[in-house]
Each structure stands twice: as C-alpha cells, then as structure tokens.
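Values reported hereafter were calculated over all heavy atoms of this structure, with side chains retained and with hydrogens, waters and symmetry mates removed.
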Amino acid sequence: MYNTAMNRRLARSLLALVILLVTIGASIYFLSHHPTVGRQLLATPRPVLASLLLLYLFFMVSLWLVFRASLLICNAALPVSETMLVTAYSSIINFFGPLQSGPAFRALYLKKRHRVNLKQYAVASVAYYFFYAYFSGLCLVFGLAGWWTIVLGGLGLGGLFWLWHTPLLNITRFKSLSLRGLIFTAAATLLQVAVFTVIFYIELHTNNAAITFRQAIIYTGAANFALFVSLTPGAIGFRESFVLLAQRLHHIPNTTIVAASLLDRGVYIAMLLLLGVLIFGTHARRNLQRLTQ
C-alpha cells in the first residue's frame, strides 16, 4: 500500500516535471519564431511593472483575507502578524514546492501549532474553492450574458446564504458552520478574482492595446479554472491551455496570450522573491521553526 502511494506521487511529480519542461521548451520555441514578442516584453514600461508588482502584493492581501475567513469558519484565532507570515510562506511554497503544496502546509501548521481540526479546515477550504469556481464561472458566463451576469450572480449568492439557515436546506451537518465566515470567505474570494482581473487586463492591454476589460474578465475566468487541475508551479502550462481553449469566448490572439503570460510569470516570481527577502531578512523564519521540532 505504501509503495503504491509512493509510486503515484512519483508519477505525478514526473508528469509535472514533463509538463513544465514542455511548456518552457514551447515558450522558447515561440519566442524564437516571434522575436517581436520578446522585444515587446523587454520594452515593458517600468510604471507598468511597478503597478503589476503592487497589484500582486494586494493579491497577497486577498489571500490573507481568505485565510482569516477560513480560521473564522474553524473557530480558530491567530494573531494578525502570524496569519500574514503563514500566508507569505504558503504562497512561496505553493509556487516553488511540489504539486501546489501551499494548502497542505497551512493545514499542517494549523494542526501542529494550534490544534485546528483538519476536517473543519477541509470544509473551509472546500467553501473557498466553491466560491472561487463560482466567481470564475461567472466571469466565463459574462462572455455570453454580459452585465446581466453580475445581477444573476449576486442574486444566486444571496439566495444561497438565505437558504443556509432555513428549513428548506436540510444540511444540519454543516449548518453549525459560521455564516459570517462563509460570507467573509465569499467577499475575500471575490476580491481575489477582481484583483486578478485587473492584473490580467494590464498585462494583456500592455501587449495589445485593442484588448478590452470585458475580454480580460472572460480571460480571468478561464485562467482561474487551471487551479483545479494544475500540477506545475503556478499552473504553468495549464493556465495557458485553459485560456487557449476559451479563445472563442474572449477572442484574444495567441501572441498576446503568450506575451501576457510571460510577463505575468516574471512579475509574480519577482513578488515572491521580494516576499522571501522580507521574511528571511527580518528573521521571521524563527517563528515557524517549531514545525520541524
């Protein structure tokens, strides 16, 4: 049984490595045959780079809010500074670590350090993924229904919260969960998706001035769904595949998608490296060393 589990993890790791190498090779091949894209990336204005870096730091704030909302659902209380530190660590681990391992790190930390019930945290995580899929799906539907999507999405979400504590929804096993925590999770997740949309719009519009904000919304919906199947760091390869599959909805050219994706990866990695320098530079690592004891 143990060997079988080890073989599966090894197979997944090898698959992730193959996909990552293929994606890197495809990017090099693409840039070699489209040199104008590479030159355009190098010519990206510094104010644009600074804006994207600032937005990604704001994106980290939204992740921190999601984490705080999860703790509210779990009835756990942690200091603000500690939750910020765990969010930063898990984001770095999630990108550079194997198989999107950030959530597993948070769960392990909460169990070992604060004895948080893993089942409760799993339910909180499922709630987050539900809202993430819900808002991302609305972004995709926006391509078909237009601004009516916002109205319908808001009504649907309000209806869900209304049903939560009514006899019409017989889910007594989960009704003990904090409704405030669920609403907090929904709001934080909506903020995360909104920040993503602005980031993607700037990246796309920088490389192609004809791109509209509506196209960026649809692009965001497609890109976000890569989270649920990604094996590679930062969903490299998977996000691009999802965006290309949704091209009939957003009508963004392939060259623009590739250029925006490369710009996005570069800025995000720079932000994570900056976080790493801040964490280790302030000796914050000592606060988490008990995990290995």
Side-chain angles (χ1 to χ4, degrees), residues 44-45 47-70 80 83-84 86-92 94-95 100 102-103 106 125 127-143 147 149-150 153-154 157 183-207 211-228 230 233-236 238-240 242-243 246 250 252 257 260-275 278:
T44 302
V48 172
L49 296 175
S51 299
L52 291 173
L53 186 60
L54 183 63
L55 282 168
Y56 260 121
L57 290 174
F58 194 61
F59 166 73
M60 291 299 302
V61 173
S62 72
L63 287 182
W64 170 71
L65 291 174
V66 169
F67 185 44
R68 297 286 296 180
S70 300
V80 171
T83 55
M84 293 176 66
V86 172
T87 301
Y89 262 93
S90 61
S91 296
I92 294 172
N94 198 54
F95 188 88
Q100 302 282 308
R106 289 193 295 271
S125 298
Y128 162 66
Y129 288 128
F130 168 78
F131 290 124
Y132 191 82
Y134 182 80
F135 293 128
S136 299
L138 288 178
C139 289
L140 278 176
V141 175
F142 180 80
W147 294 105
T149 307
I150 297 176
L157 202 58
I183 295 175
F184 190 1
T185 302
T189 308
L190 178 59
L191 175 62
Q192 179 184 350
V193 174
V195 173
F196 257 148
T197 303
V198 176
I199 289 173
F200 290 150
Y201 172 71
I202 292 176
E203 292 169 347
L204 292 166
H205 191 76
T206 298
N207 289 283
I211 299 300
T212 64
F213 194 71
R214 177 170 182 165
Q215 287 176 293
I217 293 176
I218 303 168
Y219 179 98
T220 302
N224 285 350
F225 274 102
L227 170 73
F228 299 101
S230 60
I236 294 175
F238 289 92
R239 180 195 288 178
E240 289 75 14
F242 273 64
V243 170
H250 55 66
I252 298 175
I257 292 174
S261 179
L262 291 172
L263 176 60
D264 180 78
R265 305 301 185 187
V267 174
Y268 187 63
I269 291 174
M271 187 274 297
L272 291 179
L273 293 176
L274 178 61
L275 278 182
L278 291 175

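The structure places OG of Ser136 at 9.0 Å from CZ of Phe196, a figure rounded to the nearest 0.5 Å. With rounding to the nearest 0.5 Å, the separation of CG in Leu65 from OG1 in Thr185 is 10.5 Å. Here Tyr89 contributes atom OH and Met84 contributes atom CE; the two are 14.0 Å apart, rounded to the nearest 0.5 Å. Atoms CG and CG, from Leu138 and Leu190 in turn, are 9.5 Å apart once rounded to the nearest 0.5 Å. Atoms OG and CE, from Ser91 and Met271 in turn, are 6.5 Å apart once rounded to the nearest 0.5 Å. If you take CD1 on Ile202 and CG on Asn207, they are separated by 12.0 Å, rounding to the nearest 0.5 Å.
By the 4.5 Å heavy-atom criterion applied to side chains, Glu203 and Phe200 are counted as neighbours. Between Leu140 and Phe225, some side-chain heavy-atom pair lies under the 4.5 Å cut-off. Residues Val80 and Arg68 form a side-chain contact, since some pair of their non-hydrogen atoms from C-beta on lies under 4.5 Å apart.
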Pair up each side-chain donor or acceptor in residues 49-56 with any protein partner under 3.5 Å, not counting sequence neighbours, and list the distances.
residue	atom	partner	partner atom	Å
Ser51	OG	Pro47	O	2.8
Tyr56	OH	Asp264	OD1	2.5
Tyr56	OH	Asp264	OD2	3.2

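Applying the side chain to side chain donor-acceptor pair (under 3.5 Å) criterion to Tyr128, with sequence neighbours excluded, gives Gln192. Residues that satisfy the side-chain contact (heavy atoms from CB on, under 4.5 Å) test with Val195, not counting sequence neighbours, are Phe58, Phe59, Leu191, Ile199. In terms of the side-chain contact (heavy atoms from CB on, under 4.5 Å) criterion, residue partners of Phe142 (sequence neighbours excluded) are, by chain and number, Trp147, Thr149, Arg214, Ile217, Ile218. Residues passing the side chain to side chain donor-acceptor pair (under 3.5 Å) test with Ser261, sequence neighbours excluded: Glu240. Taking Thr83 as the reference, Trp64 meet the side chain to side chain donor-acceptor pair (under 3.5 Å) condition, with sequence neighbours excluded.
Heavy atoms only, all atoms of each residue included: Thr220 and Thr197 are closest at OG1-CA, 3.3 Å. Of all heavy-atom pairs spanning Thr212 and Tyr201, the tightest one is C-CE1, 3.6 Å. Heavy atoms only, all atoms of each residue included: Met60 and Ala88 are closest at CE-CA, 4.1 Å.
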Next item on the list: Take Leu204 and Gln215, measure what side-chain contact (heavy atoms from CB on, under 4.5 Å) needs, and give me the verdict at the end.
Entry: CA-CA 9 Å; Leu204 292 166; Gln215 287 176 293; over 6 Å; no

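Here the side chain of His205 pairs a donor or acceptor atom with the backbone of Ile211 at under 3.5 angstrom.
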